[in-house]
Amino acid sequence: MLTIATVNVNGIRAAWKRGMGDWLTTRKPDVLLLQEVRAPDELLSDFLPTAEWDLAHEASEFKGRAGVAIASRLPMSAIRIGLATGNACDTGRWVEADLEVAATDTTPARTVTVVSAYIHSGTVGTPSMEEKYSFLEAVTARMAAIAADGGLAVVAGDINIAHRNVDLKNWKGNQKSAGFLPEERAYLDRWFDDLGWRDLGREHGGEGPGPYTWWSWRGQAFDNDAGWRLDYQIATPALADLARTVEVDRADEYAARFSDHAPVVVGYEL
């Protein structure tokens, strides 16, 4: 079983102080996909030692913002950093790696492509929404290219879009809010309906509502489970067919959270 976990850490230094290391020791994923790392390369390896992990990382050009990383216990045969959009605001938002899964007595050696993605949050009525749509166009083009190869691939991370009404608690009050606009949700329709990618969180999570992956730090959102499903593992059909378990590692209580996002962990039978 290959276990892949994705989580927006809201700054790896802060997450570690809140107990992320304990979660990692207990969970023991083979592959860890991180968003909002907010740290340089040399600091990332302080938390994820290169003696244990192969690392791929794209920091943002803006210090203290964004940043995506892949940490793998499997060897990486190729790393691709970023999407060539030419926009500085798009840095620290996309990193790919090809992982080599060794052959066993019953299965051949395989290559699995993993992506850690962090889509812009956006704010309605500001240029940040146009930045988000522009980046989503680049992401869609790249996902089309990956899907066309027909291999084993997963795009995972903080997509910052709730796809359906069941993917956020207060959907009625957020129909004009960034993260739930029809124009944003249409991109996910394209990925699933036109390109053939599969939403493992929904496939294995039932009809909903939830399970959610993000809750505001403020008020009683976490205690009342007033959340959003913003974090995804989206797989090609070949890999989706091998998914056996999909879990959201929601903390037992507010005080035990190491981020405002919960990890999404998938076990693939390779």
Discussion item. Under a plain distance cut-off of 3.5 Å, with no hydrogens placed, do E61 and T91 share a side-chain donor-acceptor pair?
Written reply: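 Checked: T91/E61 side chains show no N/O donor-acceptor pair below 3.5 Å.
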Discussion item. We want to know whether Q35 and S116 form a side-chain donor-acceptor pair, criterion being a heavy-atom distance below 3.5 angstrom.
Written reply: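 Yes - a donor-acceptor pair under 3.5 Å links their side chains.
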Item to complete: Return yes when atom CG of D193 has more than 12 non-hydrogen atoms of other residues, nucleotides or ligands closer than 6.0 Å, and no otherwise.
Response: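 Yes - once you tally the heavy atoms of other residues, nucleotides and ligands closer than 6.0 Å, there are more than 12.
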Worksheet entry | More than 12 heavy atoms of other groups within 6.0 Å of E207 CD |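 Atom CD in E207 is not packed in, count stays at 12 or less.
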Return the minimal non-hydrogen interatomic distance between [X] and [Y], and the atom names on each side.
X	Y	value
Y118	F135	O-CE2, 4.1 Å
L48	A71	CD1-CB, 3.9 Å
A14	N10	CB-O, 4.2 Å
A238	G151	CB-O, 3.8 Å
I70	V114	CD1-O, 3.6 Å
V95	H57	CG2-N, 4.3 Å

Sub-4.5 Å side-chain heavy-atom contact between [X] and [Y]:
X	Y	answer
Q233	H204	no
D90	H120	yes
N160	E184	no
N87	E131	no
I4	T6	no
L188	Y232	yes
L270	T104	no
D199	R229	yes

Kindly say whether [Y] contributes a backbone atom to a donor-acceptor pair with the side chain of [X] at under 3.5 angstrom?
X	Y	result
T25	G21	yes
N174	S177	no
D30	T3	yes
R80	D98	no
K169	N224	yes
S60	A66	no
Q175	K172	yes
W197	M143	yes
S259	N8	yes
R257	W215	yes

From [X] atom [atom1] to [Y] atom [atom2], the distance as rounded to the nearest 0.5 Å:
X	Y	atom1	atom2	value
D158	W228	CG	CH2	11.5 Å
M76	E100	CE	CD	11.0 Å
T213	D260	OG1	CG	9.5 Å
W217	F222	CH2	CZ	9.0 Å
T236	D241	OG1	CG	9.0 Å
W191	L136	CH2	CG	5.5 Å

Treat each ILVMFWY residue as a node, draw an edge where side-chain heavy atoms are under 4.5 Å apart, and state whether [X] and [Y] are in one component.
X	Y	answer
L2	L33	yes
V7	V246	no
W171	Y212	no
L200	L152	yes
V9	V266	no

Worksheet item: Should the ring pair F47 and W16 be called parallel, tilted or perpendicular, given that the plane angle runs from 0 to 90° and is split at 30 and 60?
Response: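 Geometry flag for W16 against F47: tilted rings.
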Worksheet item: Hey, what's the ring geometry for W23 with F258, parallel, tilted or perpendicular (30° and 60° as the breaks)?
Response: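 It falls in the tilted class, 30° to 60°.
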Worksheet item: Would L181 and M129 satisfy side chain to side chain contact (heavy atoms under 4.5 Å, CB included), going step by step from the backbone distance to the final call?
Response: CA-CA 11 Å; L181 299 175; M129 282 308 300; 3.7 Å; yes
Fill in: Of I146, I79, I81, the residue whose pairing with E96 passes side-chain contact (heavy atoms from CB on, under 4.5 Å)
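By the side-chain contact (heavy atoms from CB on, under 4.5 Å) criterion, E96 pairs with just one of I146, I79, I81: I146.
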Practice prompt. Only one of I119, T140, V139, I159 passes side-chain contact (heavy atoms from CB on, under 4.5 Å) with Y187; say which it is.
Written response: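 Result: among I119, T140, V139, I159, T140 is the only option passing the side-chain contact (heavy atoms from CB on, under 4.5 Å) with Y187.
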Practice prompt. Determine, for D189 against R164, whether the closest basic-nitrogen to carboxylate-oxygen distance falls under 4.0 angstrom.
Written response: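 The answer is yes: the pair qualifies as a salt bridge.
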Worksheet item: With the threshold set at 4.0 Å, does a side-chain nitrogen-carboxylate oxygen contact exist between E137 and R190?
Response: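 Looking at R190 together with E137, the answer is yes, because their closest N to O distance falls below 4.0 Å.
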Item to complete: Is it possible for you to check whether R73 lies under 6.0 Å from the centre of the six-membered ring of W53, through NZ or CZ, and within 45° of that ring's axis?
Response: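 Yes, cation above the ring, under 6.0 Å and within 45°.
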Item to complete: Step by step, work out the side chain to side chain contact (heavy atoms under 4.5 Å, CB included) result for E269 and T107.
Response: CA-CA 11 Å; E269 188 174 16; T107 60; over 6 Å; no
Discussion item. Apply side chain to side chain contact (heavy atoms under 4.5 Å, CB included) to residues Y268 and V154 and explain how you reach the verdict.
Written reply: CA-CA 11 Å; Y268 298 93; V154 59; 3.7 Å; yes
Worksheet item: Can you list the steps and then say if R185 with D167 is a side chain to side chain contact (heavy atoms under 4.5 Å, CB included)?
Response: CA-CA 11 Å; R185 298 158 65 192; D167 293 321; over 6 Å; no
